[in-house]
Enquirer: 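This is the structure I want to talk about, given as structure tokens.
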Amino acid sequence: MRSFRHFDLNLLLVFETLMRERHVTRAAEALYLSQPALSHALKRLRESLGDPLFVRTENGMQPTPRALALLPVVQQALALLREGLAPPALFAPAESARRFTLATTDYFEEVMYPPFLSQLLAYAPGISFSIELITPDVLGEGLEQRHVDMVVGLDSQSALPSGVIQTPWMDEELVCLAATHNKRIGEALDIVQFARERHVELTDISGLRPSNIDSCLVQHGLTRHVISKNLNYIAAARVVALTEAIMTLPRQMAERFVDMLPVRLVEPPQELPALKMTLIQHGLYASDPAIAWLYQQLMTFAQAFSHRPSAA
């Protein structure tokens, strides 16, 4: 006798359907099988279990006591399989109390996050967010272990941990910030003068690669002198306001400091690349309905945000 481990899903479905229909032809039609194919499957069942399972009587095909005993076991097994193989439930933002964790840049948190959260809360009032810094641990173990749902706003990276997915999200123009008392600098800088100036720089906490600005200068045989590396934009902008150093940052962040501090905007060298922000998530969870919803919301937000007038 063959053991129960030799059963496959098709045989379980044949048995369940025969128990329901009590008729070979009707069972074959219900399973979209030919009658010979179903009869062959029934033969395999009988051989595996050492029992006829169904016997033709004056009242039609009737199950044996062994078949009757097996029915609840088979129904339970099929129910578990159907539940496990069913597509995941759709994410219902209006009813969800999900807390998302985002690792973000200062720029996203200051400029984009407040209007993004405000929009979401209008139709998903129960959701909430935690904001974290972007670190190497976040990009590796943090995403893989679901400590962080998504990394938002990091400049495009050529090298990332295995398994993560990086998607282009939003481009932003870079400008320079200089103190209003700094008369040596005009309204624009060429790349040579840019390299000669003293600079304030934001520390790349991710630690994945050199600054795009420095990489651009190296391509032109130039380097710059950084007098201060800061962790956040406001501290860096205050250093600029009190010195003759300059700072390079996204335009919409720079425009905020013009209203707050004695600083002004200066057009940077044309050679400097734009800030190419990305969304980064782990491939293990990209199809999770809640993560897929969050991803779509961020993509939709980026399209609207990129086309709105700047603060100036």
Side-chain angles (χ1 to χ4, degrees), residues 104-112 133-136 139 151-161 166 168-258 261-280 306 310 312:
T104 74
T105 62
D106 257 15
Y107 177 51
F108 172 83
E109 186 175 10
E110 167 67 25
V111 176
M112 301 177 191
L133 294 173
I134 302 172
T135 66
L139 289 165
V151 176
V152 182
L154 186 66
D155 200 0
S156 58
Q157 303 283 332
S158 57
L160 287 169
Q166 178 176 243
W169 182 52
M170 190 188 306
D171 292 356
E172 175 67 297
E173 178 185 4
L174 294 177
V175 297
C176 293
L177 205 63
T180 52
H181 69 257
N182 187 343
K183 304 303 181 184
R184 295 186 305 100
I185 297 175
E187 296 182 355
L189 291 166
D190 62 37
I191 195 165
V192 174
Q193 184 182 4
F194 176 84
R196 283 202 305 259
E197 297 298 322
R198 292 184 292 179
H199 292 258
V200 178
E201 182 184 14
L202 265 290
T203 299
D204 179 13
I205 302 173
S206 71
L208 289 180
R209 70 176 188 182
S211 158
N212 282 342
I213 295 174
D214 291 318
S215 297
C216 175
L217 291 174
V218 168
Q219 291 174 8
H220 290 81
L222 300 168
T223 59
R224 62 176 174 163
H225 175 46
V226 176
I227 65 167
S228 180
K229 283 196 172 187
N230 292 81
L231 291 175
N232 63 76
Y233 278 109
I234 184 63
R238 292 185 65 196
V239 172
V240 169
L242 296 173
T243 67
E244 292 196 345
I246 63 172
M247 175 185 178
T248 307
L249 69 169
R251 178 177 290 276
Q252 294 197 61
M253 178 67 88
E255 288 168 348
R256 282 161 167 74
F257 294 136
V258 170
L261 298 167
V263 294
R264 59 189 175 90
L265 300 185
V266 177
E267 291 302 314
Q270 295 181 352
E271 293 86 350
L272 290 191
L275 175 64
K276 295 187 176 295
M277 293 176 284
T278 65
L279 300 180
I280 301 175
S306 297
S310 68

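One-based numbering along the sequence shown.
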Enquirer: By the definition side chain to side chain contact (heavy atoms under 4.5 Å, CB included), identify the one residue from Leu139, Thr135, Thr278, Leu160 that meets it with Val151.
Expert: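 Looking at Leu139, Thr135, Thr278, Leu160, the match for Val151 under the side chain to side chain contact (heavy atoms under 4.5 Å, CB included) is Leu139.
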Enquirer: Which pair of heavy atoms, one from Leu275 and one from Pro250, lies closest together, and at what distance?
Expert: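 Of all heavy-atom pairs spanning Leu275 and Pro250, the closest is CD2-CG, 3.6 Å.
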Enquirer: Is a donor on one side and an acceptor on the other found under 3.5 Å between the side chain of Arg264 and the backbone of Asn182?
Expert: yes
Enquirer: Taking only Lys NZ, Arg NE, NH1 and NH2, and the carboxylate oxygens of Asp or Glu, determine whether Glu267 and Arg251 approach each other closer than 4.0 Å.
Expert: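 Yes, this pair counts.
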Enquirer: Does any non-hydrogen side-chain atom of Leu154 lie less than 4.5 Å from one of Ile280?
Expert: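 A side-chain contact under 4.5 Å exists here.
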Enquirer: When you measure from the side chain of His181 to the backbone of Val263, do you find a donor-acceptor pair of N or O atoms at a distance under 3.5 Å?
Expert: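 Looks like no, no N/O pair under 3.5 Å.
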Enquirer: Please name the pair of heavy atoms, one in Thr180 and one in Lys183, separated by the smallest distance, quoted to 0.1 Å.
Expert: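 Scanning both residues, the minimum pair turns out to be O-NZ, 3.3 Å.
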Enquirer: Out of curiosity, Leu202 CG to Asn230 CG, how far, rounded to the nearest 0.5 Å?
Expert: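 It is 7.0 Å, given to the nearest 0.5 Å.
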Enquirer: Minimum heavy-atom separation for Glu197 to Glu244, with atom names?
Expert: OE1-O, 4.2 Å
Enquirer: Would you give the length of the straight line joining atom CD of Glu271 to atom CD1 of Ile213, rounded to the nearest 0.5 angstrom?
Expert: 13.0 Å
Enquirer: With sequence neighbours excluded, tell me which residues meet side-chain contact (heavy atoms from CB on, under 4.5 Å) with Glu110.
Expert: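 Scan of Glu110 (side-chain contact (heavy atoms from CB on, under 4.5 Å), adjacent residues dropped) gives Met253, Arg256.
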Enquirer: Without swapping roles, check the side chain of Ser228 against the backbone of Val200 for a donor-acceptor pair under 3.5 Å.
Expert: no
Enquirer: Any non-hydrogen side-chain atom of Ile246 less than 4.5 Å from a side-chain atom of Leu189?
Expert: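 Side chain of Ile246 against side chain of Leu189, heavy atoms only: contact under 4.5 Å found.
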Enquirer: Under the ring-ring contact (aromatic ring centres under 6.0 Å, His included) rule, collect the residues that match up with Phe194, sequence neighbours excluded.
Expert: His199
Enquirer: Which distance, rounded to the nearest 0.5 Å, do you find between the CZ of Arg198 and the NE2 of His225?
Expert: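 The CZ atom of Arg198 sits 6.5 Å away from the NE2 atom of His225.
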Enquirer: So, for Asp106 and Leu231, which heavy atoms are closest and what is the spacing to 0.1 Å?
Expert: OD2-O, 3.7 Å
Enquirer: Under a 4.5 Å cut-off applied to non-hydrogen side-chain atoms, are Met112 and Tyr107 in contact?
Expert: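 A side-chain contact exists here, since the closest heavy-atom pair is under 4.5 Å.
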Enquirer: Calculate, to the nearest 0.5 Å, the distance between atoms CG and CD1 belonging to Leu272 and Ile191 respectively.
Expert: 6.0 Å
Enquirer: Which heavy-atom pair separates Leu174 from Pro273 by the least distance, and what is that distance?
Expert: CD1-O, 3.2 Å
Enquirer: Return the CG to CD distance between Leu265 and Glu187, rounded to the nearest 0.5 Å.
Expert: 10.5 Å
Enquirer: Asp171 side chain to Lys276 main-chain N or O, any donor-acceptor pair under 3.5 Å?
Expert: no
Enquirer: Enter the distance from Met277:CE to Thr105:OG1 here, rounded to the nearest 0.5 Å.
Expert: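 The OG1 atom of Thr105 is 7.0 Å from CE of Met277, to the nearest 0.5 Å.
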Enquirer: Are Asp190 and Pro269 close enough that some pair of their side-chain heavy atoms sits under 4.5 Å apart?
Expert: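 Not touching, per the 4.5 Å side-chain cut-off.
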